[in-house]
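These notes concern the structure reproduced below.
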Amino acid sequence: MHMSDALVSPTVFAVAGAASLTLLGAAIRKMQPANRLSHATDRYDDRIVPTMGAMGAFVFAAQMINFAIPGTGSSGHLIGGILLAAVLGPWAAFVTLCSVLLLQCLLFADGGFMALGCNILNMAALTCLVAYPLVFRPLMRHAASPARIFTASMLASTVGLCLGATAVTLETEWSGITALPFGRFLLFMLPIHLAIGIGEGLATGAVLCVLRHYKPELLADVRCRRPRTRFRPGRALAAIVLAALLIGGSFSWLASSQPDGLEWAIERTSGGNDAAPATDALHRTAATFQETTALLPDYDTSLAGLVGCGIILLAAWGGTQLLRAGRRQP
Amino acid sequence: MNDRLQTALYALERLEEEARRDSPLHRTDARAKLLVTTIFLATMLSVPLARLSEILLYALFPILTAAQGGMRYGPIFRRSLFVVPFVALVGIFNVFYARTPVFRIGPLTVTEGWIALLSMLLRGLLATQALLTMIGSTGIFSLCRGMQRLGIPRPFTTQLLFVYRYLHVMIDEALNMSRAREARSYGRRTFPLRVWAPLVGQLLIRTFDRAEQIHRAMLARGFDGRIPDCTGASTPWCRRDTLYLLGWSTALLATRLCYPVEKLTRLL
C-alpha cells in the first residue's frame with residue numbers, strides 16, 4: 001500500500017502533502033490541552049509523547065512478525081492503525097502513524113518521500129480519523145465481549161484498507177501515471193486489500209482481546225464511557241457521502257467500457273470513429289505546431305538521446321570510480 | 001521472522017555508522033540536503049513519462065552526491081531495486097494499454113507503454129537512491145533537527161526521535177521473544193494466530209512497561225518534554241551550504257526547464 005514516488009505527479013503530491021500537513025498540525029494541536037500553563041495538563045502532555053514513541057516502535061517491530069492466516073497458505077501482519085487508535089485515541093494515533101511512515105520511508109525506503117503526503121492520507125488519516133471514529137467506536141461498548149471486539153476491528157480494518165486502496169487508485173489516476181482505466185484498476189486493488197483488511201482485522205482483534213484480558217486499563221480510549229452523544233447530522237452526512245462515493249466509484253466506472261454519451265453522439269453524427277481531419281490553414285498550422293512540440297516527435301533523435309545519456313552516465317560513474325581508486329591509493 | 005528482525009537491526013546500525021563518517025557531503029547542513037533532495041524529487045517527478053532520456057539524465061544526481069559523500073553507488077543501487085516490484089505492478093499495465101510504436105531498434109519495436117514503464121521504474125529507483133544518499137550522509141538525529149529548524153512542529157520531531165530510539169529496544173525485545181518461541185516449537189516455522197496474538201500482546205504490554213520505566217528515569221534526570229539538541233551540535237549555516245543549495249537547485253531547475261538531452265540530440 002505504500003506508494004512510491006514513481007506513482008505520483010507534482011500536483012497530486014503537493015495537494016496531498018498540504019492536506020496531510022494541515023491534518024498533522026490539527027492533530028498536534030488536539031493532543032496539547034488548551035491551557036498549557038496548568039500543571040496537570042502539562043504532565044499529561046509530556047507523558048503521552050513517550051508513550052506514543054513506544055507504540056510507534058511497537059508497530060514497527062510487530063509488523064516484522066508474520067502470522068499464518070488460517071485456512072490459506074499465506075501470512076499477514078499487523079498494520080496497526082486501528083490498534084493504535086484504540087490505545088492512544090485517534091489524534092495521537094494519527095501523529096504516531098505519521099512518524100512511523102516517515103521512518104519507514106527514510107530507513108527502509110518503503111514508500112517515497114514526496115509521496116509521503118499521499119501515504120499519510122491513505123494509511124493514517126483514513127484508518128485513524130475515518131474508519132476508527134465512524135466504524136470502530138460506535139460498535140464498541142463498555143466491557144465489550146471478545147466477539148464484539150473481533151467484529152468491530154474486522155469491520156473497521158476492512159473499511160479503512162478499502163478506503164485506502166480506493167485513495168491509492170484515485171491518486172495514481174489523477175497523477176496520469178497509469179494507462180489502466182480507473183474501474184479496472186480499482187477491481188484489481190480492492191480484492192487484494194479486502195483480503196489484507198481481513199487479515200489485519202483478525203490480528204487487531206486478537207491483540208485487543210489479549211489486552212482486554214491482561215491489561216484492560218490500556219484500552220483507555222475504548223473503555224471510558226462517553227456521554228451519549230446526540231445525533232450529529234454532519235457526521236451522518238459525511239458517512240453517507242463517503243459511502244456514496246465508494247459505491248459510485250466501484251460500480252459506475254465498471255459500466256464505462258461502453259462509449260460514453262458524447263463519444264456515442266459523435267459516432268452517430270459523423271458516421272465514423274473519428275472526426276475527419278480538417279483542411280483549413282489554421283488547423284494545418286496547429287497540426288505542425290503540435291508535431292514540433294510533441295513528446296517524441298521523431299524516434300531517431302529520442303533513441304540517440306537515450307544512448308547519449310547512457311554514455312554520459314557511464315562516464316560519470318567511471319569518473320567517480322576513478323576518483324575513489326585514486327583516493328584509496330595513497 | 002528472526003531474519004527480518006535481525007536484518008532491520010543490522011540496517012539501523014549500518015545507517016548510524018554510515019552517518020558518522022566524514023566527507024564534504026556529511027559536513028553539509030541537514031537543511032541544505034533536505035531542500036536539495038526535495039527540489040531534485042520535485043523536478044525529476046515533474047518530467048513527463050515519455051521523456052525517458054531526460055529522466056535518465058537525473059541519475060547524475062545520486063551518482064555525484066554518492067561520490068561526494070564517499071559512498072559506493074553499487075550498494076545504493078542494489079538497495080533501491082527494492083521498489084521495482086511495487087512500481088512494476090502498476091506500470092506493467094501501460095504496456096498493454098499504450099501500444100503506439102515510438103521507435104525501433106532492429107527488429108524490436110518499442111511502444112509508448114514500454115517507455116512509460118521504464119520511466120516509472122527509473123523514477124522509482126532514482127527517488128529511492130536520492131533518499132538513501134541523503135539519509136546515509138546525514139543520520140536520523142541531524143535530519144530531525146534539520147526538519148525542526150525548517151519549521152516542522154517540535155512535538156512531531158520529538159515523537160519521531162522517540163520512535164527511532166525505542167525501535168532498537170523493541171526489535172531486541174521482539175527478537176528475544178521470537179527466539180524463545182522458536183526454541184520451544186520444534187522447527188515449526190509459521191505462527192498460527194492463536195500463538196501470535198498472545199506473543200504480540202505480551203510485546204505490547206512489555207512495550208508499555210518499558211516506556212513507563214524509561215520515562216520515569218528521564219523525568220528523574222530533568223526531562224521537560226523535549227529532547228535536548230546535543231547530537232550534531234548547533235551547526236551554523238555556512239557558505240558551503242549556500243553553495244551546495246544554489247549549485248544543485250540551479251542545475252536541477254535548468255535541466256527541468258531546458259530539456260538538454262533533446263536539444264543536444266537535435267543539434268547533432
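Proteins get letters first, then strands, A, B, ... in listed order; numbering begins at 1 in each. Side-chain atoms are counted along with the backbone in the values below, which use heavy atoms only and exclude waters and symmetry mates.
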B:M134 portion near chain A, given a 4.5 angstrom heavy-atom threshold: side chain

Per-residue tally against chain A (heavy atom, under 4.5 Å) across B:I214, B:L203, B:L126, B:I171 peaks at B:L203

Assert yes or no for the condition that the ring centre distance of B:F93 to A:F188 is strictly below 6.0 Å. yes

Just so I understand: if I count every heavy-atom pair under 4.5 Å between each of B:A42, B:A130, B:A211, B:P153 and chain A, which residue has the most? B:A42

Examine whether an atom of B:A66 lies under 4.5 Å from a heavy atom of chain A, and if so say whether it belongs to the side chain, the backbone or both; otherwise answer neither. neither

At a heavy-atom distance under 4.5 Å, which candidate from A:G53, A:A14, A:P10 has the highest pair count against chain B? A:G53

Within the 3.5 Å criterion, strictly below it, is a donor on A:R184 or B:Y97 matched to an acceptor on the partner's side chain? yes

Residue pair A:L84 / A:F94, side-chain heavy-atom distance below 4.5 Å: no

Which heavy atom of B:I55 sits nearest to which heavy atom of B:M44, and what is that distance? CG2-SD, 4.3 Å

Please check: side-chain N/O of A:S99 versus main-chain N/O of B:L160, any donor-acceptor pairing under 3.5 Å? no

Heavy-atom pairs under 4.5 Å with chain A are the metric here; pick the option from B:V169, B:V87, B:I205 that has the most. B:I205

Counting only non-hydrogen atoms closer than 4.5 Å, does B:L167 touch chain A with its backbone (N, CA, C, O), its side chain (CB onward), both, or neither? both

Proximity breakdown for B:I135 and chain A, heavy-atom pairs closer than 4.5 Å: side chain

Contact part of B:F82 toward chain A, heavy-atom cut-off under 4.5 Å: side chain, backbone, both or neither? side chain

Using heavy-atom distances under 4.5 Å, tell me whether B:T38 contacts chain A through its side chain, its backbone, both, or neither. both

Mind ranking B:S80, B:A174, B:S46 by heavy-atom pairs under 4.5 Å with chain A and telling me who comes out on top? B:S46

Using the side-chain contact (heavy atoms from CB on, under 4.5 Å) rule, pick out the option among B:E173, B:M170, B:E212 that qualifies with B:T207. B:M170

For B:F156, is it the side chain, the backbone, both, or neither that has a heavy atom closer than 4.5 Å to a heavy atom of chain A? both

Are any non-hydrogen side-chain atoms of B:E54 and B:P260 less than 4.5 angstrom apart? yes

So, the part of B:L204 with a heavy atom under 4.5 Å from chain A: the answer is both

When you measure from the side chain of A:D5 to the backbone of B:A127, do you find a donor-acceptor pair of N or O atoms at a distance under 3.5 Å? no

Under 4.5 Å heavy-atom distance to chain A, tell me which part of B:L143 shows up: side chain, backbone, both or neither. side chain

Does any heavy atom of chain A fall under 4.5 Å from the side chain of B:M71, the backbone, both, or neither of them? backbone

Who wins among B:T43, B:T128, B:L131, B:L64 for the most heavy-atom pairs under 4.5 Å with chain A? B:L131

Does B:K263 reach the side chain of B:L268, with side-chain heavy atoms less than 4.5 Å apart? no

Just checking, is any N or O donor in the side chain of A:Y214 or B:Q202 under 3.5 Å from an acceptor N or O on the other one? no

Only pairs of heavy atoms separated by less than 4.5 Å count here; which of A:C209, A:P181, A:S9 has the most with chain B? A:P181

I'd like to know if the side chain of A:S175 and the backbone of A:I177 have a donor-acceptor N/O pair within less than 3.5 Å. no

The interface call for B:L45 against chain A, heavy-atom contacts under 4.5 Å, is both

Partner chain A: residue of B:F96, B:Y164, B:Y259 with the largest heavy-atom pair count (under 4.5 Å): B:Y164

Contact part of B:L267 toward chain A, heavy-atom cut-off under 4.5 Å: side chain, backbone, both or neither? neither

Out of A:M55, A:H213, A:M3, which one racks up the most heavy-atom pairs below 4.5 Å with chain B? A:M55

Nearest 0.5 Å please: distance from the CZ atom of B:F40 over to the OG1 atom of B:T255. 10.0 Å

Once you round to the nearest 0.5 Å, how far does CG of B:L125 lie from CZ of B:R123? 12.0 Å

Could you check whether any side-chain heavy atom of A:S20 comes within less than 4.5 Å of a side-chain heavy atom of A:L116, counting everything from C-beta outward? no

Side chain / backbone / both / neither for B:I140 at chain A, heavy atoms under 4.5 Å: side chain

In terms of heavy-atom proximity below 4.5 Å to chain A, should B:L12 be classed as side chain, backbone, both, or neither? side chain

